[in-house]
Amino acid sequence: MQRNMLFLRSFMILVLSCIAIKINLCFPNILSSLKTLPIDGHFNFEQLHHAAKDFGNRYSFLPLAVLHPNSVSDIATTVKHIWQMGPGSDLTVAARGHGHSLQGQSQAHGGIVINMKSLQGLKMQFHIGNLPYVDVSGGELWINILREGLKHGLAPKSWTDYLHLTVGGTLSNAGISGQAFRHGPQISNVHQLEVVTGKGEVVTCSEKQNSDLFHGVLGGLGQFGIITRARISLEPAPEMVKWIRVLYTDFATFTRDQEELTSGESTFDYVEGFVIINRTGLLNNWRSSFNPQDPVQASKFKSDGRTLFCLELAKYFNRDETAVVNWFIISVKPYTINTLCIGSSLH
């Protein structure tokens with residue numbers, strides 16, 4: 001028995017030693033091969049900790065290197081090189097925009113993280129007409145698309161409530177927005193994509209061209225390829241926006257109003273609901289359509305330590321429609337004993 005235990009222990013030490021030798025032999029080869037790749041950008045092998053974090057703060061995986069590409073070709077060359085190395089290298093690749101993933105999807109443990117923000121410099125190309133659209137880099141931020149689009153009187157049909165996110169990042173998830181009840185999520189408003197596949201091939205895809213790849217990449221969490229360029233559908237931008245927030249204490253009333261507003265044909269253009277938990281002094285912090293010191297109204301919405309529900313609403317219009325929109329807002333406001341309009345502004 002003692003002899004068997006001694007043999008097993010010796011065998012395990014031998015196996016672990018072989019693994020360590022393999023890693024030590026392969027690691028320098030992998031690094032040197034990456035350093036000799038013909039790319040316009042560069043790899044960073046030292047400052048890696050920022051790439052081992054994401055918005056979820058649940059996982060922290062340190063990569064082997066971070067690629068800062070200057071072109072789509074840089075990404076394709078790197079991915080193709082890793083593909084040709086085969087599964088024995090154990091290298092993985094993750095595209096990273098602003099790192100707003102929750103489960104570590106924008107990280108690559110011991111692999112290569114591609115900093116997609118390096119591609120922001122690629123010029124946007126706006127196409128004006130009956131069906132306007134814009135061609136943008138996968139590393140471009142939605143806030144920049146909106147700002148540039150407004151110069152042409154155009155805006156994306158659907159966007160997330162936080163706009164400092166990359167195009168490739170939200171399109172790899174879905175891009176749920178307050179306009180989704182009208183136009184669908186962001187992935188429903190894409191005409192065409194340029195994708196670097198897992199083999200390092202640069203492929204253009206759409207509903208009619210390489211459709212399997214097109215639908216796989218949209219909402220595919222980066223598992224079917226890296227989005228390097230997208231053609232985004234646009235619409236005429238309104239001159240003005242009426243913005244309203246409505247608070248609820250009753251969940252049933254909150255969901256009833258939300259369903260009614262999103263199912264109607266002539267309601268708001270943006271409807272988003274969310275939960276507010278334990279926010280102290282809420283009514284004093286937000287702009288209100290009433291005096292927070294009013295004991296009658298404020299007593300209905302003591303926010304300290306309570307769970308409240310909120311609808312954020314927006315109505316788009318042009319200046320000559322102001323009177324009509326004001327009447328519309330008054331006619332549809334869901335005032336009940338459990339609701340309170342606490343924000344109303346014009347932009």
Side-chain angles (χ1 to χ4, degrees), residues 55-56 100 102 142-143 146 155-165 170 173-186 238-317 321-347:
F55 185 71
H100 270 246
L102 299 177
W142 285 98
I143 185 66
L146 179 60
K157 292 182 178 179
S158 185
W159 59 64
T160 53
D161 57 355
Y162 181 66
L163 296 176
H164 291 268
L165 301 173
T170 61
N173 285 271
I176 304 299
S177 72
Q179 303 103 325
F181 74 100
R182 286 195 181 278
H183 302 294
Q186 289 179 323
E239 294 179 4
M240 306 188 77
V241 176
K242 186 76 171 181
W243 173 85
I244 297 173
R245 269 178 171 165
V246 185
L247 275 182
Y248 296 77
T249 58
D250 179 66
F251 181 73
T253 306
F254 164 72
T255 54
R256 183 202 65 198
D257 286 352
Q258 187 175 30
E259 183 176 354
E260 182 177 343
L261 290 172
T262 55
S263 60
E265 293 184 2
S266 300
T267 61
F268 290 89
D269 298 291
Y270 184 102
V271 178
E272 183 176 13
F274 53 93
V275 180
I276 305 169
I277 300 176
N278 199 23
R279 284 284 298 276
T280 302
L282 182 66
L283 301 185
N284 293 313
N285 292 333
W286 283 1
R287 283 182 299 174
S288 304
S289 56
F290 71 102
N291 184 352
Q293 305 304 320
D294 185 330
V296 177
Q297 295 226 41
S299 64
K300 301 176 184 177
F301 279 85
K302 291 181 180 179
S303 61
D304 294 5
R306 299 185 65 181
T307 298
L308 299 177
F309 310 96
C310 181
L311 283 181
E312 190 169 82
L313 314 170
K315 183 68 177 176
Y316 306 155
F317 62 100
E321 302 171 310
T322 302
V324 175
V325 169
N326 287 337
W327 175 87
F328 165 81
I329 298 296
I330 294 173
S331 66
V332 299
K333 273 185 181 177
Y335 285 123
T336 71
I337 190 66
N338 293 309
T339 68
L340 180 63
C341 176
I342 65 165
S344 180
S345 63
L346 205 60
H347 300 279

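Note that these values count all heavy atoms, side chains included, but never hydrogens, waters or copies made by symmetry.
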Exercise. Take atom OH of Y162 as the centre, draw a 6.0 Å sphere, and report whether it contains more than 12 heavy atoms from other residues, nucleotides or ligands.
Key: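 Result for OH/Y162: enclosed.
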Quiz item: Does K315 reach the main-chain N or O of T267 with its side chain, forming a donor-acceptor pair under 3.5 Å?
Solution: yes
Quiz item: Do the side chain of S158 and the main chain of A180 share a donor and acceptor less than 3.5 angstrom apart?
Solution: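 Side chain of S158 to backbone of A180, a donor-acceptor pair under 3.5 Å: no, none is there.
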Quiz prompt | Under the ring pair (Phe, Tyr, Trp, His ring centres under 6.0 Å) test, residues paired with F309 that sit two or more places apart | solution =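 Only F251, F254 meet the ring pair (Phe, Tyr, Trp, His ring centres under 6.0 Å) criterion with F309.
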Exercise. Quick one: list whatever passes side chain to side chain donor-acceptor pair (under 3.5 Å) with W142, sequence neighbours left out.
Key: T170
Practice problem: Please name all residues satisfying side chain to side chain donor-acceptor pair (under 3.5 Å) with Q258, sequence neighbours left out, ordered by chain then number. | Solution: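 For Q258, no residue satisfies side chain to side chain donor-acceptor pair (under 3.5 Å) once neighbours in sequence are set aside.
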Mind checking whether [X] and [Y] have side chains closer than 4.5 Å, heavy atoms only?
X: I244; Y: F268; result: yes
X: Y270; Y: R182; result: no
X: I276; Y: L247; result: yes
X: C310; Y: F274; result: yes

Quick one: [atom1] on [X] to [atom2] on [Y], what's the gap to the nearest 0.5 Å?
X: Y248; Y: L308; atom1: OH; atom2: CG; answer: 12.5 Å
X: I176; Y: F181; atom1: CD1; atom2: CZ; answer: 13.5 Å
X: L311; Y: E272; atom1: CG; atom2: CD; answer: 9.5 Å
X: Q179; Y: T160; atom1: CD; atom2: OG1; answer: 9.0 Å

Exercise. Taking all heavy atoms of A252 and all of T255, pick out the closest pair and write down the distance.
Key: O-OG1, 3.0 Å
